[in-house]
Amino acid sequence: MHTSSPIVPILWKAVLADLITDPDELCDLLGLSELDRTNIKKTCEGFPLRVPRSYLSRVKAADPQDPLLLQILPRTEELISTDAAQLDPLQEQQFSPVQGLLHKYHGRVLIVLSGSCAIHCRYCFRRHFPYEDARIGKTQWQAILDYIAADSSISEVIFSGGDPLNSTDASLAAKSADLSTIPHLKRLRIHTRQPVMIPQRVNSQLLNWTSEIRLNVVMVLHSNHANEIDHHVKEALFKLRDNGISLLNQSVLLKGINDNAQVLAQLNERLFECGVLPYYLHMLDPVQGAMHFEVSKERAMQIKTDLQAMLPGYLVPRFAIEEPHALNKTTF
Ligand SMILES: *Cc1c(COP(=O)(O)O)cnc(C)c1O
Ligand code: SF4
């Protein structure tokens, strides 16, 4: 007997439809009365404010220096352009053999799946990315499949973005099923900040398609501070892990947010409690509008030495710099 499936409300879609985008609202909710709102609004014109409400419950009220707030709050420093800063610091466009796909390193290709994110991180190196040009329709998707199928050296596909988990599970399931038919592919990697930003995103649909596909699934999360990982996030991460997904985390080293060993030690201890191992700690890419987050290489090396003295080796991330023409990310 056929019964139609009940209509399940998609909670995370409701969260996405109700993001905080108005700087006045953000400041009011957090009791930040002394900030210069005119400047904040001006800064938003280039790269709008976008924050899920549940993230705010993890931000300390009335503290303009809160490390979670600093990741989302537009600041006037963003309007400063410096010589070192570029619009496309990684010169990514030249590594795109077909629209929507980047093939830069041996054995793996990155697909720019979704142009949007649940949050706008002010340091984002993709803030100037021409997402409009990278949109993947039916024709582009077929071209991507053909490209991967024709190159048997490719064993891993990375869903990236934006945030790939901003796409619907139906679309992700269909795409990963297509990829599964390419015999030389072994792994599907998902680069996402969504489970940390909107833990409701880890729903049964996501767990279903990731456990049904033939490929091994690796999820590389993105968290920069232990305060981001509350018990809701922890529960979501456990669901992913219990579903057989390998969990890694990448962070960005950010001035005033996590540029000291204690903060990073707490982050990596917390991640491990949630079943996640550290992967990369990225040096900031020199992107225009984010240079005020930059930490010098010397300082980063000192932080690494301090961190190594505090943690077991497996909880120390690889410090990584991306150089436009290197064969891999450069680590130290
Ligand atoms: C970072 C990146 C990868 C993945 O590199 P790993 O070292 O395997 O994590 C792949 N392709 C592109 C274009 C990248 O920027
Ligand atoms: S979630 Fe990732 S891609 Fe999106 S704004 Fe933040 S850093 Fe950029």
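Counting convention: from 1, in listed order, for ligands and their atoms alike. Note that the numbering runs from 1 along the sequence shown for the chain. Predicted model, so just to flag it, every value in this text is computed and none were measured.
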Using a 6.0 Å distance limit plus a 45 degree cone around the ring axis, check whether Lys297 lies over the aromatic ring of Phe332.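 Yes, Lys297 sits over the ring of Phe332.
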Would Lys104 pass as a cation-pi partner of Phe95, given that its NZ or CZ must be under 6.0 Å from the six-membered ring centre and within 45 degrees of the axis? yes
Atoms of ligand 1 close to [X] [distance to a heavy atom under 4.0 angstrom, numbered from 1]:
X      : answer
Ile158 : 3 (C), 4 (C), 10 (C)
Lys329 : 1 (C), 2 (C), 3 (C), 5 (O), 14 (C), 15 (O)
Arg189 : 4 (C), 6 (P), 8 (O), 9 (O)

For Arg193, atoms of ligand 2 separated by under 4.0 Å from a heavy atom: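 That gives atoms 1 (S) of ligand 2.
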Please check if the distance between the ring centroids of Tyr123 and His292 is under 6.0 Å.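 So the answer is no for these two rings.
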Phe272 and Tyr314 aromatic centres sub-6.0 Å: yes
Of the choices [options], which has the non-hydrogen atom that lies closest to [atom]?
atom                    : options                        : value
atom 10 (C) of ligand 1 : Tyr105, Tyr280, Tyr279, Phe95  : Tyr105
atom 15 (O) of ligand 1 : Gln250, His103, Glu322         : Glu322
atom 5 (S) of ligand 2  : Gly161, Gly162, Pro164, Cys121 : Cys121

Looking only at heavy atoms of Asp163, does any of them come nearer than 4.0 Å to an atom of ligand 2?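 It does not; every heavy atom stays at 4.0 Å or beyond.
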I'd like to know if [X] pairs up with [Y] as an ion pair, taking the criterion as any Lys NZ or Arg NE/NH1/NH2 lying under 4.0 Å from an Asp or Glu carboxylate oxygen.
X      : Y      : value
Asp28  : Arg37  : yes
Glu78  : Arg75  : no
Glu156 : Arg108 : no

Structural part of Arg108 in contact with ligand 1, heavy atom criterion under 4.0 angstrom: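 Contact part for Arg108 vs ligand 1: side chain (C-beta onward).
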Using a 4.0 Å heavy-atom cut-off, which part of Arg318 comes near ligand 1: side chain, backbone, both, or neither? neither
Just wondering, is there an N, O or S atom on Cys117 that's nearer than 2.8 Å to atom 4 (Fe) of ligand 2?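 Checking Cys117: at least one N, O or S atom is under 2.8 Å.
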Yes or no on side-chain hydrogen bond (donor to acceptor under 3.5 Å, both in side chains) for Ser223 and Asn249, after CA distance, side-chain angles and deciding distance? CA-CA 7 Å; Ser223 175; Asn249 181 66; 4.9 Å; no
What's the separation between atom OG1 in Thr168 and atom CG in Leu206, rounded to the nearest 0.5 Å?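 Here the rounded value is 11.5 Å.
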For a distance under 2.8 Å, tell me if His120 has an N/O/S atom near atom 8 (Fe) of ligand 2.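 Checking His120: none of its N, O or S atoms is under 2.8 Å.
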Below a 4.0 angstrom heavy-atom separation, can you tell me which part of His222, side chain or backbone, both or neither, approaches ligand 2? side chain
